[in-house]
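One structure below.
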Amino acid sequence: MSKKGIGAAAKKLEEYYSQFPNWYWKYGLHDAIILSICELELAPNWKEKQPKRNCLEILLDSTNALCETNIKRISLYNYRITGMKMNATEPIMLKAFQDIYWLGDSIEQLEDGGYLLEIECTDSHSNLMYLTVKFEIAEIERK
């Protein structure tokens with residue numbers, strides 16, 4: 001590939017990554033282990049611009065992830081779970097998400113400023129699981 005082609009490809013890649021929020025794990029969490037997912041109810045501070053009412057907390061061991069190896073915790077505030085399925089059809093309970101491997105995810109910014117995140121996971125028996133969450137605020141704890 002010519003230098004001109006490499007420059008154009010790098011520019012396209014930069015444009016692609018710039019569409020994601022700053023807090024997002026742009027390079028992926030493939031093979032990170034989901035240690036737990038916990039739902040928390042919060043006492044909102046109504047003086048804040050965006051009071052945090054609830055939180056979906058995802059604890060990870062990302063040391064063996066393909067790219068993003070420094071993420072410990074993902075906190076999604078003001079969330080609503082819009083889908084939980086096993087093998088794309090059967091409903092599952094949130095407590096089923098223990099020692100599960102993160103395969104991939106997709107994120108979409110919504111017109112209201114919130115986000116829609118779909119996480120694809122698998123267990124040690126190759127059962128696929130999908131978790132879809134709508135949320136307003138995200139905080140990422142890195143090592």
Side-chain angles (χ1 to χ4, degrees), residues 1 5-143:
M1 185 181 279
I6 292 172
K11 187 174 182 176
K12 279 187 178 184
L13 196 58
E14 185 179 314
E15 285 175 17
Y16 172 74
Y17 285 128
S18 70
Q19 71 185 350
F20 295 110
N22 290 336
W23 49 262
Y24 184 67
W25 45 93
K26 298 173 187 169
Y27 305 106
L29 285 166
H30 183 77
D31 282 344
I33 299 172
I34 298 175
L35 300 172
S36 68
I37 296 179
C38 183
E39 295 180 282
L40 306 170
E41 290 299 319
L42 305 174
N45 179 355
W46 296 108
K47 295 178 182 179
E48 291 180 350
K49 184 178 178 180
Q50 278 188 298
K52 297 172 183 169
R53 300 179 306 278
N54 61 17
C55 177
L56 187 69
E57 184 178 80
I58 304 170
L59 296 178
L60 297 172
D61 176 357
S62 65
T63 53
N64 292 322
L66 194 56
C67 296
E68 302 272 358
T69 59
N70 63 345
I71 296 178
K72 272 176 69 170
R73 178 187 327 249
I74 299 170
S75 299
L76 306 175
Y77 293 99
N78 303 338
Y79 77 94
R80 183 170 47 95
I81 295 175
T82 60
M84 286 191 299
K85 296 179 182 176
M86 181 171 261
N87 296 322
T89 56
E90 304 167 32
I92 57 168
M93 300 302 291
L94 194 58
K95 64 183 175 184
F97 282 86
Q98 293 178 353
D99 295 328
I100 303 295
Y101 294 91
W102 187 296
L103 290 180
D105 62 81
S106 62
I107 191 162
E108 174 185 346
Q109 185 159 20
L110 304 173
E111 288 182 12
D112 65 4
Y115 298 92
L116 187 67
L117 174 67
E118 182 178 74
I119 304 169
E120 180 183 6
C121 313
T122 188
D123 64 12
S124 59
H125 303 292
S126 298
N127 293 312
L128 291 177
M129 297 179 210
Y130 300 89
L131 175 64
T132 307
V133 182
K134 181 179 177 184
F135 63 96
E136 294 177 3
I137 306 163
E139 291 178 1
I140 310 305
E141 182 181 334
R142 298 176 190 269
K143 296 178 190 172

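What's counted below: heavy atoms across the whole structure, side chains too, no hydrogens, waters or symmetry copies. We're numbering straight along the sequence, starting at 1.
- A side-chain donor-acceptor contact under 3.5 Å links Asn78 to the backbone of Pro51.
- Atom CD1 of Ile140 is separated from atom OG of Ser75 by 7.0 Å, given to the nearest 0.5 angstrom.
- Taking the six-membered ring where tryptophan is involved, the planes of Tyr24 and Phe20 are essentially parallel, since the angle between them stays under 30° and well short of 60°.
- With values rounded to the nearest 0.5 angstrom, Lys134 atom NZ is found 8.5 Å from Thr82 atom OG1.
- Heavy atoms only, all atoms of each residue included: Ile71 and Ser62 are closest at O-OG, 2.8 Å.
- Checking side-chain atoms of Asn54 against main-chain N and O of Tyr79 turns up a donor-acceptor pair under 3.5 Å.
- The two residues Lys26 and Glu68 make their nearest non-hydrogen contact at N-OE2, 3.4 Å.
- When all heavy atoms of Leu59 and Arg73 are compared, the pair lying nearest together is CD2-NH1, 3.6 Å.
- The CG atom of Leu56 sits 5.5 Å away from atom CG of Leu76, with the distance rounded to the nearest 0.5 Å.
- Here CG of Leu103 is found 11.5 Å from CG of Leu29. Values are rounded to the nearest 0.5 Å.
- Closest approach of Ile74 and Leu60 over heavy atoms only: CD1-CD1, 3.7 Å.
- The structure places CG of Asp61 at 10.5 Å from NZ of Lys72, a figure rounded to the nearest 0.5 Å.
- How far OH of Tyr27 is from OG1 of Thr69: 13.0 Å, rounded to the nearest 0.5 Å.
- The aromatic rings of Tyr115 and Trp23 lie perpendicular to each other, with more than 60° between the two planes, well past the 30° mark.
- Ion pairing of Lys85 with Glu118 is absent here, as no side-chain N (NZ or NE/NH1/NH2) approaches a carboxylate O to less than 4.0 Å.
- Not counting sequence neighbours, Tyr101 has no partner by the ring-ring contact (aromatic ring centres under 6.0 Å, His included) test.
- Formation of a donor-acceptor pair under 3.5 Å by the Glu120 side chain with backbone atoms of Gly104 is not found in this model.
- Between Lys52 and Leu42, the closest heavy-atom pair is O-CB, 3.5 Å.
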